[in-house]
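Take a look at the structure set out below.
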Amino acid sequence: MEVVQRIAQLRTEIERHNHAYYVLDAPTIPDAEYDKLFRELQSLETQHPELLTLDSPSQRVGGAVLDGFSPVRHAVAMLSIRTETDTEGSGAFNFDTRVRKALDRNDAEIEYACELKFDGLAINLRYERGVLVQATTRGDGETGEDVSQNIRTIHCIPLCLQYCDAEIIEVRGEVYMSRKDFNRYNDKQRALGLASLVNPRNGAAGSIRQLDSRLAARRPLSFFAYGLGEVRGWDLPATHSGVLDALSSFGLPVCDERAVVRGAQALADFHHKVAMLRDALAFDIDGVVYKVNSLAVQAELGFVSREPRWAVAHKYPAEEQLTVLRDIEIQVGRTGKLTPVAKLEPVFVGGTTVSNATLHNEDEIRRKDVHIGDTVIVRRAGDVIPEVAGVVLERRPAHLMPFVMPTTCPVCGSKVVREESEVNVRCTGGLFCGAQRKQAILHFASRRAMGVEGLGDKLVDQLVDENIIHSLPDLYRLDVATLAALERMAEKSAQNIVVALEKSKHTTLSRFLFSLGIRHVGETTAKDLAHNFGKLEAIMQADNERLLSVPDVGPIVAQSIVDFFGELHNIEVVQDLRDVGVSWEEHDGVSTAALPLTGQTFVLTGTLPNLSREEAKSRLESLGAKVAGSVSKKTSYVVAGAEAGSKLDKARELNVLVLDEAELIALLRKVDSK
DNA sequence: TGGCCTCGAGTTCA
DNA sequence: CTCGAGGCCA
């Protein structure tokens, strides 16, 4: 076969697979096959350099390093659109009112095209006779920069349009980085010890401005088309939505999340619907865009001071804000871990006011390079806990000192150590440390442990600071008079605490074990141990080997338990607690009788209409089932209630059986009667 | 030894 | 909820 023909054939085929993979998200051939085609094309092009053209998919891997980008004057200016600033969601109505007034059609329901406002970088793609010839940034709207080389590395942007040989067609859209690609890229960079990206938008913008397109090619970018620039030799559709449909049929990626609606209320509904959807999208958006759908009406409306009168952006509360890092405070946790916490100048971000954010550990601070006094980027998307995403170095005042982790505990003054191969720094003070003692007491009293109602952190602070309580058994020696003398405590509250303490004395072995706060012994492990040994005495006397015979207990956990009961002090605490009346029922260990649901794993998600989570869990466990926290292919059933989240999605993905409450109850009843 | 799969621990705001 | 680390299995 003619080389020329084979090359043309390969290019068409490779681009077809590209389109299927990157635009339609439906791969047509295995990766290995694709690689084979790609390599064949590359080798033919190397043998026949005269046949190499810029629209060949082989150009997607990047090319020569540039010294700079050349300026390009836009044939049609790239304007920005006005942002509707509203407080009470009135933006849609304000826009609609303006449009109708300008058209002098106050009674009409106008047709609008609604779409998403992507948080990326605006780009103009120029196709001549269907071939991508140039890609430019917005720049100042009049003149942008030629970034063609980098844009060609974006796989979902077609180098040749399908079914379109218009003389000139300029496509406008947004280059962005999906959340998944952003996270994956950052994970990879961190694993290599390299700089990570602050957010997807910076990732996209930074990649496009890379002078070395081979580096840009490594950044996973995507594109959505949303409009047109210069057009010659193509009959425009009558509406904006028609334009988008046409662009999509040319092989360009167009976001599916769009709608054509009539009237202001429908715009507001779209705004609301997308707000609900926002967190679940695969990419960041900062709002939605409304456009008058008819191109003729758009022309009639025209522009005011370089902004189209027929389009508006309606934004959502920002998920990112700049603020000043006032201080870094050190918190000491139950295990003695020192956690640096960012004290921020309060900012409104992602729907709430944020003033604290964890900085995790020393390495994290160094990686993000935050100094006290810096202007930082705070990010909070949806239900995600706020985080300091990065520093604005340009705003750093002179002479800021880098943060150093203290070498002694800020609470008790004991030495702190950082274990080798661990990122965390720990206070060595143990229960001598006030912070650890407080946390130990709070953990002991918490709902899943001994369940002492009303014993919160403010009360524990006072009890420890005033030297009323030194160790756990002291809790049970509290009397109403002592408690009532404290701040925000009077007779009634004090009485409630004493009653709650009394109630908590009757417990189970597994709860008691858990409440002691032995390292690596959480709720599940405590249950396993209680089940296996039956008696506390047996656990206290067990050696490493005996402990290892318990399923899910390995060397680290076993050693931790041996160490704990090796301390005289801990044995005394246990004895004292029993002396003041803490009790539970004991048995002879491992009741081997196989229960009906032994070996089955359930996962609960969402809110069930009648059963509480706790209740469902304990009923399942009493029949021998295991109730786990996350779904995997080993999960037997997922029980889903209202507002079930990602666990339900995962269950569907893995084809795990899903039950609702009624089905669960039926199952329990059936199994129980056997 | 590597790759799941769990568990433990720590986290913010209303 | 998410990360890191412990435990188990191939």
Side-chain angles (χ1 to χ4, degrees), chain A residues 179 183 186-187 190-191 279-280 317 319 321 323 329-344 346-361 363-364 367 378-388 419-426 435-436 438-440 442-443 446 448-449 457 510 513-529 544 547-561 601-606 617 626-636 643-651 654 656:
Chain A
R179 290 172 177 165
N183 290 328
N186 269 356
D187 289 348
R190 281 190 200 117
D279 294 335
E319 293 187 331
Q321 288 291 345
T323 190
E329 218 177 72
I330 303 290
Q331 272 176 15
V332 182
R334 174 165 67 87
T335 62
K337 188 199 157 190
L338 269 58
T339 308
V341 177
K343 307 305 275 183
L344 305 163
V347 268
F348 191 73
V349 47
T352 52
T353 306
V354 173
S355 43
N356 297 316
T358 177
L359 290 166
H360 303 291
N361 55 56
D363 289 10
E364 182 84 3
R367 192 161 56 218
V378 176
R379 186 175 169 82
R380 191 197 119 103
D383 287 341
V384 177
I385 289 171
E387 60 161 358
V388 174
E419 310 230 334
E420 231 175 304
S421 80
E422 246 216 355
V423 289
N424 294 326
V425 173
R426 298 200 132 83
Q436 288 183 65
K438 284 176 188 171
Q439 293 298 317
L442 278 170
H443 171 76
S446 69
R448 303 155 97 84
D457 56 353
S510 65
L513 262 182
F514 174 52
S515 62
L516 291 175
I518 304 167
R519 274 254 260 162
H520 302 120
V521 178
E523 217 182 348
T524 311
T525 308
K527 250 176 221 164
D528 289 348
L529 290 167
N544 241 306
L547 287 163
L548 284 169
S549 72
V550 179
D552 294 336
V553 172
I556 308 256
V557 176
Q559 191 57 51
S560 169
I561 296 166
T601 309
F602 286 71
V603 174
L604 306 175
T605 179
K617 189 174 175 186
K626 230 176 149 78
V627 177
S630 59
V631 183
S632 73
K633 58 186 174 190
K634 290 188 179 169
T635 309
S636 328
E643 282 167 65
S646 57
K647 289 182 204 168
L648 182 56
D649 301 339
K650 186 95 187 261
L654 296 173
V656 174

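The chains referred to below are lettered A, B, ... by the order of the sequence lines, with proteins before strands, and numbering in each begins at 1.
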Proximity to the side chain of [X] - top-ranked nucleotide from [options]:
X: A/Ile385; options: B/dT11, B/dC7, C/dG6; answer: B/dT11
X: A/Thr353; options: B/dC7, B/dA14, B/dG10; answer: B/dA14
X: A/Arg519; options: B/dA9, B/dC7, B/dT12; answer: B/dA9
X: A/Pro386; options: B/dC7, C/dG6, B/dT12; answer: B/dT12
X: A/Asn356; options: B/dC7, B/dC13, B/dT11; answer: B/dC13
X: A/Thr525; options: B/dA14, B/dT12, B/dC7; answer: B/dC7

Work out which heavy atom in [X] is nearest to a heavy atom in [Y]; give both atom names and the distance.
X: A/Asn544; Y: A/Pro555; value: OD1-O, 4.4 Å
X: A/Leu513; Y: A/Ala526; value: CD1-O, 3.8 Å
X: A/Gln436; Y: A/Gly333; value: CG-O, 3.5 Å

For the pair A/Thr353 (side chain) and A/Pro346 (backbone), establish whether a donor and an acceptor sit closer than 3.5 Å, ignoring hydrogens and angles.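 No.
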Most 5' of A/Thr352 and A/Pro340 on DNA chain B, judged by nearest nucleotide: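 Per heavy-atom nearest nucleotide, the more 5' residue is A/Pro340.
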Where each residue is assigned the nucleotide of DNA chain B containing its nearest heavy atom, which of A/Thr335 and A/Ser355 is assigned the position nearer the 5′ end?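 Closer to the 5' end of DNA chain B: A/Thr335.
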Take the protein atom [atom1] of [X] and the nucleotide atom [atom2] of [N], then report the distance between them rounded to whole Å.
X: A/Glu319; N: B/dT12; atom1: CD; atom2: C1'; value: 16 Å
X: A/Leu547; N: C/dG7; atom1: CG; atom2: P; value: 11 Å
X: A/Phe602; N: B/dT6; atom1: CZ; atom2: P; value: 14 Å
X: A/Asp457; N: B/dT11; atom1: CG; atom2: P; value: 13 Å
X: A/Glu387; N: C/dC1; atom1: CD; atom2: P; value: 17 Å
X: A/Asn361; N: B/dG10; atom1: CG; atom2: C1'; value: 12 Å
X: A/Asn424; N: C/dG4; atom1: CG; atom2: P; value: 10 Å
X: A/Arg380; N: B/dC13; atom1: CZ; atom2: P; value: 9 Å

Residues A/Thr335, A/Arg519; criterion side chain to side chain donor-acceptor pair (under 3.5 Å); working and verdict: CA-CA 7 Å; A/Thr335 62; A/Arg519 274 254 260 162; 5.3 Å; no
Look at the side-chain N and O atoms of A/Thr358 and state whether any lies under 4.0 Å from the OP1 or OP2 oxygen of B/dT12.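 No, because none of the side-chain N or O atoms of A/Thr358 sits under 4.0 Å from OP1 or OP2 of B/dT12.
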